Protein chains: 2
Amino acid sequence: MEMTKKKEIKTDLSTEEKIKEAARKVFTQKGYAATRTRDIAEEAGINLALLNYYFRSKEKLFELVIMEKMHLLLGKIAPILMDEETSIEQKVEQVAAHYIDTLLANPDIPLFVLGEIKNNPDKFANLISTKTKIVDSAFFRQLGERRPDVNPLHFIFNMLGLIVFPFIGKPLLQLITGVSSEEVIVIMNERKKLTKIWFKAMLEAE
Amino acid sequence: MEMTKKKEIKTDLSTEEKIKEAARKVFTQKGYAATRTRDIAEEAGINLALLNYYFRSKEKLFELVIMEKMHLLLGKIAPILMDEETSIEQKVEQVAAHYIDTLLANPDIPLFVLGEIKNNPDKFANLISTKTKIVDSAFFRQLGERRPDVNPLHFIFNMLGLIVFPFIGKPLLQLITGVSSEEVIVIMNERKKLTKIWFKAMLEAE
DNA sequence: CTTTATTTTAATCAAATGATTAAAAGATTT
DNA sequence: AAATCTTTTAATCATTTGATTAAAATAAAG
């Protein structure tokens, strides 16, 4: 099992990694329920039985993928929000830049992760609440200091809404505006700088 | 088939309506792929075969439900955005108030509709592009006049992000903040007024 | 009341789907 | 080269699932 890694480093991926890679693609694209293990096997170019040989079940393979994507979505953001040295605006700028780049490369993730969380909130309860305590973050405290009259959660929603929603609403927006995928990508990139400006304006709004 | 309606007016819903109502609930909650026709039958308290007797198939029943929810999500918004007499701020205020009320009553709709659109964009292509031409709306034009330097699509994303995202991100936010469902509802209601203020601030931001 | 049309049910089908098994193929060790 | 361990395959299972059917129950019409 260890030996294969050696061989595959030169050529292509190991069987195990091929399956994981296919699972990432199919699961994030279609969600757990709509995914057939046969789809994954075909995408990976392997026999269906191998999937159950390496990962015991569809469920197990899925947990691997969703946890991976979850960390991709939450891992980098926590340290940014915890930083006591940076201002609110700097944090928003960093989060926006990081998120938009990540989501341009993985546009299916938000709908995938948020959808699966909604279906099964309990499964993720322990994983997150311990690590990513946003309510105890410097960001949360700074927001409360700057705008004591507004619940800081509003600004959390606002930040994520400005950054993440475009990726979730993209298919609908393309439907009702007819704008091309290329144009949307341009727009997403523009938002890396604009989000900070808008957030600052909301923070100071009366 | 017409006669049943008479009877059911006094007592409860007709069989057909019971199935539709159950389908609305199960489909919006779990999505098309995760929904079993048996779930719907059980929820409706009817024999499974009746589902296929009244609606030819799962697919047909689903189309009924998704189109209904789609109109709920888009129907009222179009006339607001087309109105030549109201200002940008007034439009945003109206859209926010309407949407937040609608979504408080139907919190599953955004994730449901956006998810299914992503899975099957073609299916909805004709339905929407003809009716709801946002790019030709007064709103779109007004945005272009007020901020010629910013693509109006940004502000469409911003408005929908501020209004709709909280409902999509709610499960995740509750996970990483631990706020109660009641508190979230309070917050959603606060946003009916706040969204307009924030949007105005973004519109004037430099 | 009898006949006809409509609605509902139980039983069943065929296809899809997650998973397993036994054997073959390939690699590693002795 | 033989023996042992690992990986892969084809065939098959058992359930699940959308859908159908023939018959029973109920309602409407004559």
Side-chain angles (χ1 to χ4, degrees), chain A residues 1-66 116 119-120 123, chain B residues 1-66 116 119-120 123:
Chain A
M1 205 202 276
E2 318 305 323
M3 290 299 99
T4 57
K5 283 173 189 168
K6 273 191 221 150
K7 187 187 67 186
E8 309 296 350
I9 284 167
K10 318 175 203 163
T11 61
D12 49 356
L13 302 114
S14 72
T15 303
E16 198 175 338
E17 198 51 48
K18 270 195 291 184
I19 298 172
K20 260 200 234 176
E21 194 54 41
R24 286 185 194 104
K25 179 173 173 181
V26 181
F27 274 137
T28 55
Q29 203 166 80
K30 319 213 291 179
Y32 180 81
T35 293
R36 311 289 104 132
T37 52
R38 282 167 174 80
D39 298 344
I40 297 175
E42 191 182 6
E43 176 73 32
I46 53 106
N47 187 295
L48 169 59
L50 275 181
L51 188 150
N52 293 287
Y53 174 74
Y54 282 103
F55 312 88
R56 280 177 38 82
S57 65
K58 177 187 180 185
E59 175 75 19
K60 285 272 197 303
L61 181 54
F62 173 74
E63 281 183 19
L64 225 74
V65 171
I66 184 101
E116 302 295 345
N119 290 347
N120 223 333
K123 177 178 285 179
Chain B
M1 207 203 272
E2 318 306 323
M3 289 299 98
T4 57
K5 282 173 190 169
K6 271 191 221 154
K7 186 187 69 184
E8 307 296 350
I9 284 168
K10 317 175 202 164
T11 61
D12 47 358
L13 303 111
S14 73
T15 303
E16 199 175 339
E17 198 51 48
K18 270 195 290 183
I19 298 173
K20 260 201 233 176
E21 193 57 39
R24 287 186 193 103
K25 179 174 173 180
V26 181
F27 274 136
T28 55
Q29 204 166 80
K30 320 215 292 181
Y32 179 81
T35 293
R36 312 292 139 209
T37 51
R38 282 166 175 80
D39 298 344
I40 297 175
E42 191 182 5
E43 175 73 33
I46 52 107
N47 187 294
L48 169 61
L50 273 181
L51 188 150
N52 293 287
Y53 174 75
Y54 281 104
F55 312 88
R56 279 177 40 81
S57 66
K58 178 188 179 186
E59 175 74 20
K60 284 272 197 305
L61 182 54
F62 173 74
E63 281 183 19
L64 225 74
V65 171
I66 185 98
E116 302 294 345
N119 290 347
N120 223 332
K123 179 180 284 179

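When reading the values below, keep in mind they use all heavy atoms of this one structure, side chains included, and skip hydrogens, waters and symmetry mates. Since the structure is predicted, the reported quantities are computational estimates derived from the model, not experimental observations. Labels below follow one simple rule: chain letters A, B, ... track the order of the sequence lines, proteins then strands, and each chain is numbered from 1.
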Check ion pair A:Arg24-A:Glu21 (N to O, under 4.0 angstrom): yes

Greater than 12 external heavy atoms within 6.0 Å of B:Glu42's CD: no

Separation of C:dA16 P from B:Glu59 CD (nearest whole Å): 16 Å

Carboxylate-amine/guanidinium proximity below 4.0 Å for A:Arg36 and A:Glu43: no

Nearest-angstrom distance from the residue atom CD of A:Glu42 to C1' of D:dT8: 18 Å

Separation of atom CG in A:Leu13 from atom P in D:dT7, rounded to whole Å: 16 Å

B:Tyr54 backbone acceptor or donor facing B:Glu16 side chain under 3.5 Å: no

Below 4.0 Å: OP1/OP2 of D:dT17 and any side-chain N or O of B:Thr37: no

Closest listed nucleotide, where the reference is the side chain of A:Asn47 and the choices are D:dA10, C:dA19, C:dA10: D:dA10

Between P of D:dG18 and NZ of B:Lys60, the distance in whole Å: 16 Å

Listed nucleotide nearest any side-chain atom of A:Ala49, set D:dG18, C:dT21, C:dT7: C:dT21

Nucleotide of C:dT7, D:dT17, C:dA19 approaching B:Tyr54 most closely (side-chain heavy atoms): C:dT7

Distance test, side-chain N/O of A:Tyr53 to OP1/OP2 of D:dT8, below 4.0 Å: no

Rounded distance (Å) that lies between atom P of C:dA19 and atom CD1 of A:Ile19: 13 Å

Side chain of B:Leu50 - closest among C:dA19, D:dT9, C:dT9: C:dT9

Any B:Asn52 side-chain N or O less than 4.0 Å from OP1/OP2 of D:dA19: yes

Under-4.0 Å side-chain N/O to phosphate OP1/OP2 contact, A:Arg36 with C:dT17: yes

Over-ring placement of B:Lys58 relative to B:Tyr32, 6.0 Å and 45° cut-offs: yes

Touch class at under 4.0 angstrom, heavy-atom based, for A:Leu48 against every strand present: base

Any B:Thr15 side-chain nitrogen or oxygen under 4.0 Å from OP1 or OP2 of C:dT7: no

Euclidean distance, atom NZ of residue A:Lys58 to atom C1' of C:dA16 [Å, nearest integer]: 12 Å

Nucleotide C:dT9, atom C1' - distance to CZ of B:Arg38 in whole Å: 14 Å

Whole-Å distance separating the CG atom of B:Leu51 from the P atom of D:dA19: 8 Å

